[in-house]
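Here's the structure we're looking at; comments come further down.
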Amino acid sequence: MAFLFVLIVGLIAGTISGIVGTGSSIMLMPVLVYEYGPKEAVPIMAVAAVMANLSRILAWWREVDWKACAAYSITGIPAAALGARTLLALPSRAVDLAIGIFLIAMVPARHWLARHNLKANLWHLAIGGAAIGYLTGIVVSTGPLSVPLFLFYGLTKGAFLATEAASSLGLYLSKSVTFERFGALTGDVAIKGLIAGSSLMFGAFIAKRFVLHMKPDVFRLVMDAIMVAAGLSMLWNATQSP
């Protein structure tokens, strides 16, 4: 039943994130924490996120902006490994608190970024990749930060979805390798991640047909609600930890 619940939520999360460009980790992480605990849930989500981003790349392969991807990834990949190593040194309750506070804080941060008509170039992507990469290593998802960064660079629709996914793929691979090296990504954890990731992949392909028909304002409101709900869920988990 636990696997079935994860698969159902993963399919929904994969579909929504395939439309708005982020959100799969935010929606699925509280479920994984509930089922497996925060220390195991984070590497499971890292494996699932690799699969989710890979599916978006495959769905929009022809539209990837490889220059933007390279600029973001060249600093983001090593930063994600450093962040993941930092995460492994934190107690479970601190992980819950950090993720919960981060998700809730990203709601006003996203609105602040949206109000400022910022334009990004390749250097901005490289600087943003380092900062966001490190945060990605520590918390489950930094999509609310990476999404506006690529939008400010000028990417939209399929090009945005594909390039953000290709850039994030390197970060989550780096995070997963770091977990494996330090013993957090065992065979059992990897299998659970593959199961969760398979549902995210199916959702991403379902989402493709809806991308051109959905209103961006609705997406943003949905994402705000999801982030607040997921953040509160993580904070509740922290209060229940010993």
Side-chain angles (χ1 to χ4, degrees), residues 1-18 22-59 73 76-92 94-96 98-99 132-143 146 164-206 230 233-234 237 241:
M1 288 301 295
F3 281 144
L4 181 60
F5 184 42
V6 169
L7 285 172
I8 292 172
V9 175
L11 183 62
I12 296 170
T15 302
I16 294 176
S17 67
T22 187
S24 60
S25 300
I26 294 169
M27 287 179 277
L28 189 55
M29 186 61 179
V31 176
L32 295 177
V33 170
Y34 177 78
E35 296 291 349
Y36 307 117
K39 281 293 188 179
E40 194 170 325
V42 174
I44 290 173
M45 192 64 245
V47 174
V50 169
M51 298 176 67
N53 284 297
L54 181 60
S55 66
R56 291 212 300 274
I57 296 170
L58 293 174
S73 300
I77 289 174
L82 180 60
R85 183 67 188 95
T86 303
L87 172 68
L88 294 176
L90 297 174
S92 296
V95 174
D96 279 339
I99 295 173
I132 295 171
Y134 182 73
L135 289 173
T136 300
I138 297 177
V139 301
V140 64
S141 171
T142 48
S146 62
E164 196 279 334
S167 303
S168 297
L169 179 63
L171 271 61
Y172 283 108
L173 280 172
S174 174
K175 187 174 180 178
S176 298
V177 170
T178 302
F179 286 143
E180 193 278 331
R181 283 193 59 192
F182 289 95
L185 183 56
T186 62
D188 179 62
V189 169
I191 291 173
K192 292 173 181 174
L194 291 172
I195 292 173
S198 65
S199 63
L200 296 178
M201 292 189 77
F202 280 115
F205 283 101
I206 292 172
S233 174
M234 300 303 297
N237 288 333
S241 299

Quick check: do [X] and [Y] have side-chain heavy atoms less than 4.5 Å from each other?
X    : Y    : value
T86  : Y134 : yes
L200 : M51  : no
L169 : S73  : no

Which heavy atom of [X] sits nearest a heavy atom of [Y], and at what distance?
X    : Y    : result
M201 : A52  : CG-N, 4.4 Å
V47  : L194 : CG1-N, 3.9 Å
A166 : I57  : CA-CD1, 3.4 Å
K175 : G137 : CE-O, 3.5 Å

Checklist entry - Is S199 reaching over with its side chain to a backbone N or O of A196, donor-acceptor style, under 3.5 angstrom? => result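 Indeed, once roles are kept as given, a pair shorter than 3.5 Å links the two residues.
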Checklist entry - Backbone N or O of S174 within a donor-acceptor pair of the T178 side chain at under 3.5 Å? => result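 At least one qualifying donor-acceptor pair exists.
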To the nearest 0.5 Å, tell me how far [X] [atom1] sits from [Y] [atom2].
X    : Y    : atom1 : atom2 : answer
S167 : N53  : OG    : CG    : 9.0 Å
I195 : I44  : CD1   : CD1   : 9.5 Å
S176 : L171 : OG    : CG    : 10.5 Å
F179 : R85  : CZ    : CZ    : 10.5 Å

Checklist entry - Below 4.0 angstrom, N of the basic side chain to O of the carboxylate: do E35 and K192 qualify? => result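 Looking at K192 together with E35, the answer is no, because their closest N to O distance does not fall below 4.0 Å.
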